[in-house]
Amino acid sequence: MRKIKEYQTINKIEGPLLFVQKVESVGYKEYVKIKLPSGEIKRGQVLETSKDFVIVQVFENTQGIDKHTYVHFSGETLKMPVSSNMFGRILSGIGKPRDGGIEIIPEEKLEIQGEVINPYRRDVPKDFIQTGISTIDGMNTLIRGQKLPIFSGSGLPHNELALQITKQAKVRDSNEPFAVVFCAIGITQEEAKQFINEFERTGALERCVVFLNLASDPSIERIIIPRMALTAAEYLAYELGYHVLTIITDITNYCEALLEIGAAREEVPGRRGYPGYLYTDLASLYERAGMISGKKGSVTLLPILTMPSDDKTHPVPDLTGYITEGQIFVSRSLHNRNIYPPIDVLPSLSRLMNQGIGKGKTREDHKALFNQLYSAYAEGLELRGLINIVGKDALSKRDQRFLDFADSFEKRFVKQGRNENRPIETTLDIGWECLSKVPEDDLSRVPKDILDRYYRREETEHKGY
Amino acid sequence: MEMTGHSKGAKVYRVSGPVVVVKDLDGRMYDVVLVGRNKLKGEIIEIDSDKTIVQVYEDTDLLRPDEPVYDTREPVSAELGPGLLTSIYDGIQRPLDVISLEGNFIKRGLEIPGLSRDKKWHFVPTRNVGDKVAAGDIIGYVDETKNFRHGIMVPPNVSGTITEIIEGEFTVEETVCVLDGKKNLQLMHRWPVKKRRPIKEKLWPEEILVTGQRVLDTLFPIAKGGTAAIPGPFGSGKTITQHQLAKWSNADVIVYVGCGERGNEMTSVLKEFPELIDPKTNSPLIERVVLIANTSNMPVAAREASVYTGITIAEYFRDMGYNVALMADSTSRWAEAMREISSRLEELPGEEGYPAYLGSRLADFYERAGYVETLSGKNGSVTIIGAVSPAGGDFSEPVTQNTLRVTKVFWALDSKLAHRRHFPSINWLKSYSLYQEQLTPLLERDFPGWTENKTKMMSILVRESELEEIVQLVGSDALPEDQKMIMEVARMIREYFLQQNAYHEVDTYCNLEKQHLMVKLILDFSEKAMSAIEIGKKVERIIDLPCRAMIGKIRYEKDYQEFTEKISEMIVKDFNSLLRGEED
């Protein structure tokens, strides 16, 4: 082992970066402690190393650091203490307790960078997770080991949605242990309070590990915190056998922090000022979701991001969409019409859904019903656009029924209470109820045997034809 | 390959991610070096007086200045020989199945050869002692799988007279043949990945690569040896299309490069392909596939290498006289890897931060495709199909534009079609193929009327898009009957022909004959319908004819020949009774 060394040779301080001179062979990505004259200790990481100088990225703010500050190189990468006693704990961006409790007594210390899962060892995700939310369970089913982001916008209730999922998510008919790792990046004090109060009130905290970085905390910490959370999730999943749902909110804040560091390092920017390695960097987070053959647990990832001015071509949602296995769109227009959760099922997609639904998993009618609801709703919305031009009277009877269907789909199926936890059967039954407005002949996407078993024509309207 | 190399005092000077500056290394451009105490594999990409810049294919965490650097004096090469098929490699040809014996995660500094050193293959010579052989000549073969004969070639740059050649069981490293009493040939040889393998000449491609996907084969065909780009925003079905091509194309060998894509996707290829049966050979489809998996979270420099590794393996099989198809998903990630390395080198950027040489690198890559005469006089081909993931779905970005300049087929994926659940969501108005003409003679020979029918079908689709604009303004009721009929026929083309269900046992693959018959039926119906309209029959009557719905069922029919005959009789009958007025 190399002798651990301390230096007092800071030459330049710029933003979150320290340039330290005359150091002897410091490793790339080495973990750094910075001792201020005041006695305060800050932490950082080596961003670039060379014979002449080392660039250190400080995780906290650099206030108080001067040229006489000691920089201490640890000789190893940043590690995180993990333990089976983490449940119910609230930790900061660098893994320190935030709840006034004692420090985590480590059972193991793990590298936060995470290693690449060998694709040869991965298991194909195929087990259904019930969130109790119809638009997700019925139309964009979440599967164990999947990475399924929520695309939202500022002012939309994605945090409520995240809370509700945290409270309600479970794997059905299974006694396998289930845990939630909740990672908040750059959220406000108020939001944090709301999350923690809700977790405590509902008892969800008991199966949760919470990582919290507030908007007022140094932005650099935001680079570290999701990696901390994912390391904890991997430990719970692969070492202790938990099925871990990891919720990260808000990825956009994370990307802003990356942009900030890139700018401080005077890097050549890629699209819209974000670093050229944004895709690779996001992938190093998202790809940590998955299942490993022979291991009991799994890591399911539900990142939440806010699209700047609801633009899905912005680099953050765009690159995310290319890496993740689908996306859930939160819609401003549904929200404005007071529909909660305002999930727009049309642009939403779960790529792994087909593997996890149907007979023996959810219910035999799920696939057909989903296809039918999707196409009927799409048709209904198209007609809604049309009546703005030609008026409602110009529509045929058939068209009117699809319009009615779209309305009832939004009011009955999409809309639900903030504490309403719908089992998948209820979700599917509501779907059939909405379809009862449409005559059997127009349900072209459902096979005959399924129709016979599940479809009921709405009685009252029947006389009309 | 045992990589040792010499250090001679070369030391790490600076580390910034995958870019490492080495001092006092007297190396050659693009040679492999081993960096640091963990011997991380890297490649020399720039030499500047006493400093050498190396891109490292693995994580450089905790790499320190002053660690030793070893020069192998060998360019980055692929191992070529029996054992490639059914393999899954990372970007620098390390077998992931062998790596997985070391654990669930990929560790650093692993040095595992691409071809197994223990496995014995049965070599059968086809040439005799005393024969003069030249570079590229096949001297014998190994049956690599039940249906695949792997030709053992004299490596490029070698020639002579056979003085010894032996049949028997050999590992890839054992000598099977000696030239001129001194040049030993093995079952495998190595080739630098960035150097194209020599050929006699490029030929004019005139044979279609049958993909079994109707919209591609009929409307926008690709030639064996051609190049195609599939750009599309996320969720538009790029990967499914690539998988379909890998499964059903009539190439002899498929090289599938998963470049910076999802881990779960590579896994599903691994699990799904062995279960699918190749209709031609009745063996699992995986037996003709070489997989290269560089997932998005693997080191970027290896991602840059993965595409070269893939194309080199493809060229090798081509040299045996095979038709090879290479799928690269996605070339945008490859371009981004270049951008990332370039930015670490502090090079002056071109558009959107991409390096200025983006265009020439893409052109170099696609130019390695082609229908060729090999050194030994056989015909072989490499077809390249590259997926592009344009940022924000905007086709005007640099990677898409540079790719379109060098590829001859453009399959434009359209997220609007995908949202309407129209799959494969290839936009028929934006896509094109520049091979149409050169493929015509052979297609016409086998299916007379092919080109004319295709043109007719396309013009109906174009007419539909024009009429749609009118419908948007005035509603469909305002159209005259004949235009309404055109819209209906176009709908039949879209729903019965262009749409194809990748998950349906029969519909997932459609051979050329079936495509041809389907087009003929639809056009037959269309012609009869138009003449019925002319004499005053109503559109509603015509679309209610039972034969119309039956045309939609052909796609799911395995015994399509009999079925189409039945339908064409039905069309005649239905229209006859319509014209006689019995229907009214």
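Chain letters run A, B, ... following the sequence lines, proteins first, then strands; residues in each count from 1.
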Largest heavy-atom contact set with chain A, pairs under 4.5 Å, which of [options]:
options: B:Glu347, B:Arg421, B:Arg339; value: B:Arg421
options: B:Asp66, B:Asn264, B:Leu291; value: B:Asn264
options: B:Ile88, B:Leu63, B:Val269, B:Asp90; value: B:Leu63
options: B:Lys238, B:Lys271, B:Glu67; value: B:Lys271
options: B:Glu265, B:Arg262, B:Glu340; value: B:Arg262
options: B:Gly36, B:Gly353, B:Ser343, B:Ser100; value: B:Ser100

Among [options], which has the most heavy-atom pairs under 4.5 Å with chain B?
options: A:His314, A:Gln146, A:Gln327; value: A:Gln327
options: A:Leu47, A:Asp52, A:Val46; value: A:Asp52
options: A:Thr77, A:Thr49, A:Thr313; value: A:Thr49
options: A:Lys29, A:Glu287, A:Glu267; value: A:Glu287
options: A:Val54, A:Thr324, A:Leu285; value: A:Thr324
options: A:Tyr322, A:Tyr120, A:Tyr277, A:Tyr374; value: A:Tyr322

Residue pair [X] / [Y]: nearest heavy atoms and the distance that separates them:
X: B:Leu62; Y: A:Glu30; value: CD2-CG, 3.8 Å
X: B:Asn501; Y: B:Tyr503; value: OD1-N, 2.8 Å
X: A:Leu319; Y: B:Arg333; value: CD2-NH1, 4.4 Å
X: A:Leu148; Y: A:Ser350; value: CD1-CA, 4.3 Å
X: B:Ala387; Y: B:Asp329; value: CB-OD1, 3.6 Å

Heavy-atom contact with chain B under 4.5 Å, split by part of [X]:
X: A:Asp123; result: both
X: A:Tyr238; result: side chain
X: A:Pro125; result: side chain
X: A:Gln355; result: neither
X: A:Ile117; result: both
X: A:Arg272; result: neither

What part of [X] gets within 4.5 angstrom of chain A, counting heavy atoms only: side chain, backbone, both, or neither?
X: B:Glu352; value: both
X: B:Val15; value: both
X: B:Met266; value: side chain
X: B:Ile106; value: both
X: B:Lys23; value: neither
X: B:Arg108; value: neither
X: B:Glu346; value: neither
X: B:Thr295; value: side chain
X: B:Pro398; value: neither

Test your reading of the model: is there a side-chain donor-acceptor pair from B:Ser415 to the backbone of B:Ser236, 3.5 Å cut-off?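 Not confirmed, B:Ser415 side chain does not pair with B:Ser236 backbone.
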Could you tell me the separation between the OH atom of B:Tyr89 and the CG atom of B:Leu96, rounded to the nearest 0.5 Å?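 Here the rounded value is 10.0 Å.
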Distance from A:Leu381 atom CG to A:Leu346 atom CG, nearest 0.5 Å?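 Interatomic distance, A:Leu381 CG to A:Leu346 CG, rounded to 0.5 Å: 5.5 Å.
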In terms of side-chain heavy atoms, does B:Arg303 have a donor or acceptor partner in B:Ser296 at a distance below 3.5 Å?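 No.
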Does the side chain of A:Ser309 pick up a donor-acceptor pair with the side chain of A:Asp311 at under 3.5 Å?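 There is no such pair (donor and acceptor under 3.5 Å, judged by atom type) between the side chains of A:Ser309 and A:Asp311.
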Report the C-alpha distance between B:Arg344 and A:Glu48 in whole Å, list the side-chain angles of each, state the deciding distance to 0.1 Å, and finish with yes or no for salt bridge (Lys or Arg N to Asp or Glu O under 4.0 Å). CA-CA 11 Å; B:Arg344 302 255 185 198; A:Glu48 185 174 323; over 6 Å; no
A:Lys126: side-chain hydrogen bond (donor to acceptor under 3.5 Å, both in side chains) partners, not counting sequence neighbours: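 With sequence neighbours excluded, A:Lys126 shows a side-chain hydrogen bond (donor to acceptor under 3.5 Å, both in side chains) to no residue whatsoever.
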Fit a plane to each ring of A:Phe151 and B:Phe234, take the angle between them on a 0 to 90° scale, and name the class: parallel (under 30°), tilted (30 to 60°) or perpendicular (over 60°).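 Because their plane-to-plane angle is over 60°, the rings of A:Phe151 and B:Phe234 count as perpendicular.
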If you count heavy atoms of other groups shown closer than 6.0 angstrom to NZ of A:Lys79, is the number above 12?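 It does: A:Lys79 NZ has more than 12 such atoms within range.
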Kindly indicate whether a cation-pi arrangement holds for B:Lys51 with B:Tyr13, taking the cut-offs as under 6.0 Å to the six-membered ring centre and within 45° of the axis.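 Yes - B:Lys51 lies over the ring of B:Tyr13, closer than 6.0 Å to its centre and within 45° of its axis.
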Any ion pair linking B:Glu58 and B:Arg94 (charged N to carboxylate O, less than 4.0 Å)?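 Result for this pair is yes, salt bridge flagged.
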